[in-house]
Number of protein chains: 2
Amino acid sequence: MSELVAQPVVREIPPKDADLSAWYTAVCLKAELVSYSPVRGCVVLRPYGYGLWENLQKHLDLAFKETGHENAYFPLLIPESLLLKEADHVEGFAPEVAWVTHGGNEKLTERLAIRPTSEVIIGVMYAQWIESYRDLPILINQWANVLRWEKATRPFLRTMEFLWQEGHTAHATAQEAREETLRMLDVYKDFAENVAAVPVYAGVKSANERFPGAVETFSIEALMPDGKALQSATSHDLGQNFAKAYDITFVDADQAIKHAYTTSWGMSWRMLGAMIMVHGDDRGLRVPPKMAPIEAVFTPIVKAGDDRAVAVAHDTAKALRKAGFRVKVDDRDQQPGWKYAEWDLRGVPVRVEIGPRDVEAGSVVLVRRDRKKGDPDHKTSVPLAGLERHLRDLLESIQVSLFEQARAFLESHTFVVTERAEFYEKCKSRAGMIDIAWGGRAECEAHVKAETGATTRNTRPLDGTQTCVACGEPATVRAYFAQSY
Amino acid sequence: MSELVAQPVVREIPPKDADLSAWYTAVCLKAELVSYSPVRGCVVLRPYGYGLWENLQKHLDLAFKETGHENAYFPLLIPESLLLKEADHVEGFAPEVAWVTHGGNEKLTERLAIRPTSEVIIGVMYAQWIESYRDLPILINQWANVLRWEKATRPFLRTMEFLWQEGHTAHATAQEAREETLRMLDVYKDFAENVAAVPVYAGVKSANERFPGAVETFSIEALMPDGKALQSATSHDLGQNFAKAYDITFVDADQAIKHAYTTSWGMSWRMLGAMIMVHGDDRGLRVPPKMAPIEAVFTPIVKAGDDRAVAVAHDTAKALRKAGFRVKVDDRDQQPGWKYAEWDLRGVPVRVEIGPRDVEAGSVVLVRRDRKKGDPDHKTSVPLAGLERHLRDLLESIQVSLFEQARAFLESHTFVVTERAEFYEKCKSRAGMIDIAWGGRAECEAHVKAETGATTRNTRPLDGTQTCVACGEPATVRAYFAQSY
């Protein structure tokens, strides 16, 4: 027993290339992002994982507010009769709904669904709130937990309960609703690329992949190291479908009573899963600085009883915190090598080494997590006096570098294909994002899926007249195909 | 129909003194803090109400982090078998639990409770995470929705689903756990008084009012204008009760395996209900500046086509926002009087009037929401040049003034009583906080409740030897009695 207490937990993880799935699960658990829970399909988001979520929230919430949105909170439970009003929607979600049938010791007269998403309850409220065109647009976002019945459990990627945000807006015209849908798609793309450092393709989902009840669904799609795509956020133009089902009407300036046009858009903690898979390496996480709960960790070294480095580390960390940095001092009584491995595993962007000799020289050594031992810029000694500026520059450089690495991967794994055989082969071999001229036919899409496992990720306008690479009919769009999470 | 569109909604509310309950409901609805929803017992927290919640979150979250806590997120659903392990706890909560019995089309083999609170699921996880004394303390907070089956609905005060935070900590010793319990009680008292401007009495709950499963429960209690107390937050020392039920053990430095000591503490959106009732007046809300979604609203006046005031208002608001103020410009095409009533109803602390004459004079008029027409300091003209400093001072002054008014009310409605008859009479007549030497006997407490409707709010140590004012047995504590929400 005594050895168990004295020894830090072993945190080794399998190599990323050999088995991405095993690597991913090990990293999520051993970096203490999540724990499995005794509730099937549900994970616990531990403090370090929640720190990632808080940074996602901070950035997205600011972007939502800058685009005129306010937050609100709607009930968790939705009466069954309300859920049934939008036919496509209920068909899409009914198999995934958890039902409350008893309150205390009493059986309910009507079942209540735990929200799988909130279009229904929010639509009902909008119908009450909106009277005239002066009440439009309504621009609301909700940060919430939602629940979709699931048997599989993969941290962030597939869980029964998950955290997300869902925006819900109502507009007077179809054009305004479409503009809003695209504006929020842009907000997501900007967040993914400039905060999470995950490059994405933005575009339109095929009819088959559309949100139940939407007129048009847009998505951003990232590419994982195993060649599979991961849908990272969606933005839906709901047209008047929900307005008609839930009676969201307004008196327009011309005195006519009209149905509003609504949108909804969401990003969940799935985005964290994409970020983890895209950037991680064999040593663990590599967290982009803007998302990092800890931007820099001090690992002071005590030698022969000389603990001056610990004091300097604490003083310096305090000053950096005052300047707005998120920093931590690891002064635990453990071997330096073990500490380095621990912070590498957790993906802290910069490690600050300081020992007695550094104290005397008035300097520290900055170690970049995004580089490897032997890389020329892996470690830099910088004077304590200029640390703040150096650290700021270094964090910026790491942020950019992680994005550039990911972009290079996405680009080198995106294949513009013009031959049918090559297209099927690349889809089957999970080569990456396969970019073709496509006819948009559901039968064609189904055939590709049956033969290769790949689906359309999203589409964009086509230049000129071409034929569909997958089936030879006239092409209508350009589409990315890929296998996907 | 055309008149309906042109006219703003009537927002009149009944006088506060005549019927506090009617006033309260009207304010919550007409100031657009909440809407009733089609889900029994559940309300929607609308953007302006959510703005209050965001400010509560911002202040409390910072205080939690400054005291070493981190956020995490635990599952919404709790398997019934786990809930049953702590006998007192399950007895206390079982009648209030909503049960999930079906997932999709499948009947579950075990019912899942929607969390009424999270001691159980968090206890189970702590048992997994904690191995040695080195893992302690664990200091975690969760921001979450919880659900307790309720038939009545009163916005913020009594709803089936509500938003709250729940802290859950584990410690190596009883003393540390008790210190934590008291530390968080202090955090709550500080928040209530210095942010929400609601004075409170902090103390120990009687055994009868204790949290199910706790060794000791502490609370802060506020006094409402109708003489009823409102419990605004609780902090529980759970001793080893949950550790024993859920097997939270650790290997101590002496190699012995011991049960941990745990605490939990929570504040919900109920605190907003207290704040609304304590400060509001016949014109509507009066929001303390630190809690205000909008600290100051500009109501520029256009006269005879001269709209320079609108431009100046926007420019000035922009500069104030840059300086960190939360301000808004109301440039809607409505009568000034209607706008004033609207912002009074919403309780914005400062209204900034600006018309053509003010533009020429280079000044604005600041109007305090906490004062009435005719009060000497109701309105002040200040030069635009010094607006930032004036506004900052004014907001601080309003914050203090609201607290002082509420404190004067609490003090004038707290009665130190030494005679039995007077005690019973004051309890019955809902005089306020009735402060007596009390024997702490459950029979005595039950008798007071049966006769008067009043209960112990909380207790504190007694000086010297006295007899219980309520029953004549030896007194053990001083206690506040009151009727309560």
Side-chain angles (χ1 to χ4, degrees), chain A residues 1-2 4-5 9 35 37-40 42-51 53-54 70-79 82 94-106 111-112 114 121 124-125 128-129 131-134 140 144-145 147 149 160-161 163 251 253 255 257, chain B residues 1-2 4-5 9 35 37-39 42-51 53-54 70-79 82 94-106 111-112 114 121-122 124-125 128-129 131-134 140 144-145 147 149 160-161 163 251 253 255 257:
Chain A
M1 209 67 206
S2 73
L4 183 76
V5 175
V9 180
S35 279
S37 83
V39 194
R40 192 189 68 170
C42 295
V43 297
V44 174
L45 190 58
R46 300 185 71 170
Y48 196 60
Y50 201 90
W53 181 244
E54 283 179 315
E70 297 177 296
N71 289 323
Y73 186 75
F74 295 84
L76 173 75
L77 301 178
I78 303 168
L82 290 181
E96 301 184 4
V97 166
W99 293 103
V100 174
T101 58
H102 290 75
N105 300 315
E106 173 196 346
R111 299 198 298 177
L112 300 168
I114 298 185
I121 188 77
V124 171
M125 298 313 301
Q128 287 184 25
W129 294 344
E131 293 183 354
S132 111
Y133 69 96
R134 288 170 198 256
I140 284 180
N145 54 339
L147 205 138
W149 209 255
M160 192 162 94
E161 184 188 6
L163 297 181
V251 181
Q255 304 304 321
I257 296 175
Chain B
M1 210 65 205
S2 74
L4 183 77
V5 175
V9 180
S35 280
S37 83
V39 194
C42 295
V43 297
V44 174
L45 190 59
R46 299 184 72 170
Y48 195 60
Y50 201 89
W53 182 244
E54 282 179 316
E70 297 177 296
N71 290 322
Y73 187 75
F74 296 83
L76 173 75
L77 301 178
I78 304 169
L82 290 181
E96 303 183 5
V97 166
W99 293 103
V100 174
T101 58
H102 290 75
N105 302 315
E106 172 195 345
R111 300 197 299 176
L112 300 169
I114 298 184
I121 188 76
I122 293 180
V124 170
M125 297 314 299
Q128 287 184 27
W129 294 344
E131 293 183 354
S132 114
Y133 69 97
R134 289 170 198 254
I140 284 182
N145 54 340
L147 205 138
W149 208 255
M160 192 162 92
E161 184 188 6
L163 297 182
V251 180
Q255 304 302 323
I257 296 176

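Throughout, a chain's letter reflects where its sequence line sits, starting with A, and its residues are numbered from 1.
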### Query
Any side-chain donor-acceptor pair under 3.5 Å between B:Ser35 and A:Trp129?
yes
### Query
Among A:Leu76, A:Asn105, A:Ile114, A:Leu77, which has the most heavy-atom pairs under 4.5 Å with chain B?
A:Leu76
#### Entry: Residue, of A:Ala98, A:Ala253, A:Ala144, A:Gly49, that accumulates the most heavy atom pairs under 4.5 Å with chain B
A:Ala98
#### Entry: side-chain hydrogen bond (donor to acceptor under 3.5 Å, both in side chains) against B:Glu96, all qualifying residues, sequence neighbours excluded
none
### Task
Considering only heavy atoms and a distance below 4.5 Å, find which of B:Glu106, B:Arg111, B:Glu161, B:Met125 pairs most often with chain A.
B:Glu161
### Query
How long is the span from the CD atom in A:Glu54 to the CG atom in B:Asn71, to the nearest 0.5 Å?
4.5 Å
### Task
Answer with side chain, backbone, both or neither: which region of B:Val124 has an atom nearer than 4.5 Å to a non-hydrogen atom of chain A?
side chain
#### Entry: Which portion of A:Trp99 sits near chain B, non-hydrogen atoms under 4.5 angstrom
both
## Note on the structure
When the 4.5 angstrom heavy-atom criterion is applied to B:Ile140 and chain A, the contacting part is side chain
#### Entry: Heavy-atom closest contact (A:Pro38 atom, B:Leu82 atom, distance)
CG-CD1, 3.6 Å
### For chain A, the option from B:Trp149, B:Phe74, B:Trp53, B:Tyr73 that forms the most heavy-atom pairs under 4.5 Å
B:Tyr73
### Query
Mind checking whether A:Ile78 and B:Val39 have side chains closer than 4.5 Å, heavy atoms only?
no
### Task
Tell me, out of A:Pro75, A:Ser37, A:Cys42, who's got the most heavy-atom pairs with chain B below 4.5 Å.
A:Pro75
#### Entry: Any residue meeting side-chain hydrogen bond (donor to acceptor under 3.5 Å, both in side chains) with A:Gln128, in chain and number order, not counting sequence neighbours
none
